[in-house]
Amino acid sequence: MPAVRRAGRTFTFLAIAIATVLAGCTIAREYFAPKITREHITEVRYLDQGWTAQDRELFYTTPQGTELQGLHYRWLTALELPFSRDPLASADNLRGWGFIVDSGGSSTESEAGLHPVGMGRHLNNEDNTERLDLGCALCHTGELHYRGTALRVDGGQAIHGISTSAPGEFIVALNAAAIETFINPRKWARFADRVAGDDPVARKQLKQDLKRYLGEVWKFSRGPGQSTLFPTPEGRGRTDAVGRIGNVVFGYNLGIEENYKIANAPVSYPFLWDIWRFDWVQYTGFTNQAMARNVGESLGVMAPVKLVDERGALLPEGEFGQSTIDVEGMQCIETTLRKLKPPKWPQDVLGEIDIARARQGKALFADQCAHCHGPHESAPYAWPVAGGPEQNPAQQGSVNWQWDMAGQISYDEENHPVREDWRESLWALPWIDIAVIGTDPTAARNYLNHTYDPGPLVPPNPDDSDSRRVNAGDGLQLLLNELVPVLYKNRGISSDHNGIADYDGLNVPFRIASKPAYKARPLHGVWATPPFLHNGSVPTIYDLLSPLAVRPTKFGLGHREYNPQKLGYVTDMRPGSFEFDTTLDGNSNSGHLFTDADVAGRIGSRLSERERMALIEYLKVMGNPEFSTALGGDPQNWDRYPAPPASAIGEMACDKYRRNPGNTLVQRQVQP
């Protein structure tokens, strides 16, 4: 990729240019001033979700091998804000950018300073340095604030904007701080004192490492991070996940500039409880396996990986797939998430439940909502697998039959190999066609219609170059069918004792589906997951149940003050807020309509004000077993769903990340 190869030559020019900007002009100071919200919290309350303190700590701190262009772990708290001696990563700044910070608690606090929940560390295998790791908890932990109380929602939706390159946002302030530190002798001296002390060798190495980091930032900004690829601002609490993964994997990692695509379909970070029950995951339901999903996500979040050489050819065996991707960490996180339950409505903070109204809402939910949102319980699947190199029973674009057969294999009545799903039951999630649901179709259409040159992943065909092109799902399948088995091999994960079957996610083979649709997920605990729809375009459940004409077309997003009457964030614009504009591409708030008009996206009859409030009251406690009797029985009671299969292998994967690892795990019987 020419832009990447020129990075070293252009770095000096970049530093000089930015040095000029940072010379002290008022405009630059205003541009780089942190855009933060102000929060006044007196208490943090952890909602009852079935986790122990150790479970929560594992989720918050376990690494997955991702890197922020190689930023070293200790640098985050050693850097100063641009044009200031104040720390960049103060608790107030981090909270103001939307991160979750627990002083003296579950966030990572040590000699390296305070880091937000989800920002952990790992050793980079190139130079054995500690790098900042962006873990799952960073984007999948939420908070709701109400009258000074912060309600922690583990597995919920984050509201930060870590991928947003807008003035005053975190990533802009971070990189400006790093550049100013590199070129400003006084700022450099203070930074070096904090990180390297008086050791001249360490200070020299630090200077080289910082230059290398800025070079990586430059390469990223000229490749998958270029601003022209993101015409629709992601803002707070969203990212165009599939678009970013496609640009990083097929453009950046394979070195094919023509593969960069417009990423104008930001989606909210989804909530994670009960996802282990789903047969298909992602907003468009395009994949079924936890490990493939997580490795793809880690690539999109810039986990270093070696795929091709300077000529663009796949690296040979032994070099291909060298990476920081931590499959043991991912397995630990998945095992821990299976224990996570939906959050319970805290009556002492958000108000008591009107049981009579909630009963009315229960009947309305059964009539208007359950046909899509279920849950639609199903017997576990027997997934057909390829038993040899010429077999493709699931009609996939790409199959790795050795990986298919590395799971726990059974045989059906016709003696065909299958993987029997280990779940006692699962939830079959329906795909709702974009023409039926009527919500913004951009994410689904981009997934299907954006195609990529797979480069060395597919042999060249000079007679028909178009036939080689793949969408994001099929392209990821081509790569992950080769990469994941290598990651397993490099980490010593084998089929012995069903190790690969367990790591694959309860013996599920990797599959891809491509449909112009969004999946309808069950809604336990949905009250704690604003904003709503896949793109976050509707701020409250009340607005979602209301006619389209009265849904807000613009609203403030970024602060976390909760409205317990409407079930969503307060929407007024405050200092530091991001203005969500539903008129932009990818941001439409249409669809999922309760209306009597015959329009696209109609899913039910128009709801009266009384009916809306009844549904809201039920959604507060839907499935909560503590309210089942009072509701006259609740078919959504989550205590009636089977518990996850035990996983001794998953618990052992967690052992290396526990502060006080137990010694009994190795005695447990391997499941199943």
Side-chain angles (χ1 to χ4, degrees), residues 157 163 229-235 237-250 259-271 275 278-289 292-293 296-297 300 371-374 376 396-397 427-452 469-477 511-523 529 531-538 544 548 551 580-593 599-603:
Q157 293 174 276
S163 61
L229 297 177
F230 304 96
T232 300
E234 292 167 313
R238 301 194 308 166
T239 190
D240 189 334
V242 175
R244 284 185 175 273
I245 291 171
N247 284 338
V248 168
V249 172
F250 305 114
N259 276 339
Y260 290 128
K261 304 295 181 184
I262 295 296
N264 61 345
V267 297
S268 294
Y269 303 117
F271 55 100
I275 60 167
F278 297 1
D279 57 350
W280 294 87
V281 295
Q282 303 288 17
Y283 278 112
T284 56
F286 71 79
T287 191
N288 65 332
Q289 191 201 78
R293 178 197 65 209
E297 176 267 337
H371 59 285
C372 284
H373 291 288
H376 304 288
Q396 294 289 286
W427 290 351
L429 271 60
W431 284 284
I432 312 299
D433 191 279
I434 55 177
V436 174
I437 194 62
T439 53
D440 192 293
T442 312
R445 287 176 178 167
N446 285 359
Y447 169 72
L448 288 173
N449 298 334
H450 282 179
T451 62
Y452 306 87
R469 300 190 68 84
V470 293
N471 69 8
D474 290 337
L476 283 172
Q477 189 170 52
R511 298 291 181 258
I512 289 290
S514 295
K515 299 177 185 292
Y518 297 115
K519 74 177 192 296
R521 66 172 298 161
L523 299 180
T529 65
F532 301 97
L533 295 185
H534 72 276
N535 60 357
S537 60
V538 181
L544 188 62
L548 178 61
R551 290 179 182 174
F580 194 111
D581 185 350
T582 63
T583 66
L584 299 179
D585 289 345
N587 280 3
S588 173
N589 65 354
S590 63
H592 198 282
L593 295 171
V599 295
R602 179 184 184 273
I603 60 171

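The basis for the numbers below is simple: all heavy atoms, side chains too, and nothing from hydrogens, waters or symmetry mates. Since we're looking at a predicted model, the values are computed, not measured.
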*Rounded to the nearest 0.5 Å, how far apart are OH of Y283 and OG of S268?*
5.0 Å
*Over all heavy atoms of both residues, which pair between L429 and F278 is shortest? Give the atoms and the distance, please.*
CD2-CD2, 3.6 Å
*Can you see which heavy atom on H376 is nearest to which on P430, and at what distance?*
CD2-CD, 3.6 Å
*For C372 and I432, run side-chain contact (heavy atoms from CB on, under 4.5 Å): C-alpha distance rounded to whole Å, both residues' side-chain angles, the deciding distance at 0.1 Å, then the answer.*
CA-CA 8 Å; C372 284; I432 312 299; 4.0 Å; yes
*Considering all heavy atoms of both residues, which atom of S537 and which atom of N589 are nearest to each other, and what is their separation?*
OG-CA, 3.3 Å
*Given side chains that start at C-beta, do those of N264 and N446 come closer than 4.5 Å, heavy atoms only?*
yes
_My understanding is that only residues two or more places apart in sequence, or in another chain, count here; which of them pass side chain to side chain donor-acceptor pair (under 3.5 Å) with T582?_
none
*If you measure from CG on L523 to CZ on F271, what distance do you get to the nearest 0.5 Å?*
6.5 Å
*Any residue meeting salt bridge (Lys or Arg N to Asp or Glu O under 4.0 Å) with R511, in chain and number order, not counting sequence neighbours*: D404
*Is there a donor-acceptor pair under 3.5 Å between the side chain of R521 and the backbone N or O of I275?*
no
*Residues in ring-ring contact (aromatic ring centres under 6.0 Å, His included) with Y447, at least two apart?*
F286
*Nearest atoms (heavy-atom pairs only) where S163 meets T239*: OG-OG1, 3.4 Å
*Rounded distance (nearest 0.5 Å) linking atom CG of L548 with atom NE2 of H592*: 13.0 Å
*What residues, two or more places apart in sequence or in another chain, satisfy side-chain contact (heavy atoms from CB on, under 4.5 Å) together with T287?*
V281, Q282, R293, F510, I512
_Which residues pass the side chain to side chain donor-acceptor pair (under 3.5 Å) test with Q396, not counting sequence neighbours?_
Q477
_If we ignore hydrogens and angles and just use 3.5 Å, is the side chain of T232 paired with the main-chain N or O of L584 as donor and acceptor?_
no
*Name all residues meeting the side-chain contact (heavy atoms from CB on, under 4.5 Å) criterion together with A443; count only those two or more places apart in sequence or in a different chain, and write none if there are none.*
A265, V267, Y518, H534
*Partner set under side-chain contact (heavy atoms from CB on, under 4.5 Å) for K261, not counting sequence neighbours*: N247, H450, Y452, R469
_Do L533 and S588 have side chains that approach each other closer than 4.5 Å (heavy atoms only, starting at C-beta)?_
no
*Pairs involving residues 238-247, ordered by first then second residue, that meet salt bridge (charged side-chain N to carboxylate O under 4.0 Å, His left out) (sequence neighbours left out)*: E234-R244
_Test your reading of the model: is there a side-chain donor-acceptor pair from D474 to the backbone of G397, 3.5 Å cut-off?_
no
*List for me each residue that meets side-chain contact (heavy atoms from CB on, under 4.5 Å) alongside A600, sequence neighbours excluded, and say none if there are none.*
none
*asked:* As an exercise, state the distance from CG of L593 to CD1 of I603, rounded to the nearest 0.5 Å.
replied: 7.5 Å
*Does Y269 have any side chain to side chain donor-acceptor pair (under 3.5 Å) partners at least two apart in sequence or in another chain, and if so, which?*
none
*Kindly write out the residues that satisfy ring-ring contact (aromatic ring centres under 6.0 Å, His included) with W427, not counting sequence neighbours, or none if the list is empty.*
H524, Y641
*asked:* Show the nearest heavy-atom pair for residues A263 and G243, with the distance to one decimal.
replied: CB-CA, 4.3 Å
*Between CZ of F580 and CG of N535, what distance do you get to the nearest 0.5 Å?*
5.0 Å
*Less than 4.5 Å apart, any side-chain heavy atom of L544 and any of R551?*
yes
*List for me each residue that meets side chain to side chain donor-acceptor pair (under 3.5 Å) alongside D581, sequence neighbours excluded, and say none if there are none.*
T583
*asked:* How close do A444 and T284 get, counting heavy atoms only, and between which atoms?
replied: CA-CG2, 3.9 Å
